[in-house]
S.K.: 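Before we start, here is the structure in question, set down as structure tokens.
No hydrogens, no waters, no symmetry mates; every other heavy atom, side chains included, goes into these values.
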Amino acid sequence: MQFLTCSSDAVPCPVELQQWRTVAEVIDPAALGITPELMVKVYGFGFGATFMMFVIGFVVAVAVGLVRKV
């Protein structure tokens with residue numbers, strides 16, 4: 001997939017400055033600050049939050065079950 005981009009900030013973009021570029025050229029992860037370390041932190045946070053909600057739900061279910069038995 002390619003996008004039509006402008007290599008200047010002029011509005012409207014002059015025809016001679018328009019160019020077709022691929023997604024990889026338009027969106028550069030390194031230029032956006034996306035590093036492998038950041039991805040590990042993001043996935044780790046997501047897993048931790050999901051696991052924490054599971055544990056809270058499990059503990060509440062066990063507590064409710066114990067209260068009903070009494």
S.K.: Are F54 and V59 connected, step by step, through hydrophobic side chains (Ile, Leu, Val, Met, Phe, Trp, Tyr) whose heavy atoms are closer than 4.5 Å?
M.R.: yes
S.K.: To the closest 0.5 Å, what do you measure between CD (Q2) and CD (Q19)?
M.R.: 11.0 Å
S.K.: Under 4.5 Å between side-chain heavy atoms, hopping through other hydrophobics if needed: is there a path connecting M1 to I27?
M.R.: yes
S.K.: Is Y43 reachable from I34 through a run of hydrophobic residues whose side-chain heavy atoms are each under 4.5 Å from the next?
M.R.: yes
S.K.: Once rounded to the nearest 0.5 Å, what's the spacing between atom CH2 of W20 and atom CD of E25?
M.R.: 13.0 Å
S.K.: What heavy-atom pair brings S8 and L17 nearest, and what distance separates the two atoms?
M.R.: OG-CD1, 3.3 Å
S.K.: Kindly compute the distance separating CZ (F45) from OG1 (T50), expressed to the nearest 0.5 Å.
M.R.: 9.5 Å
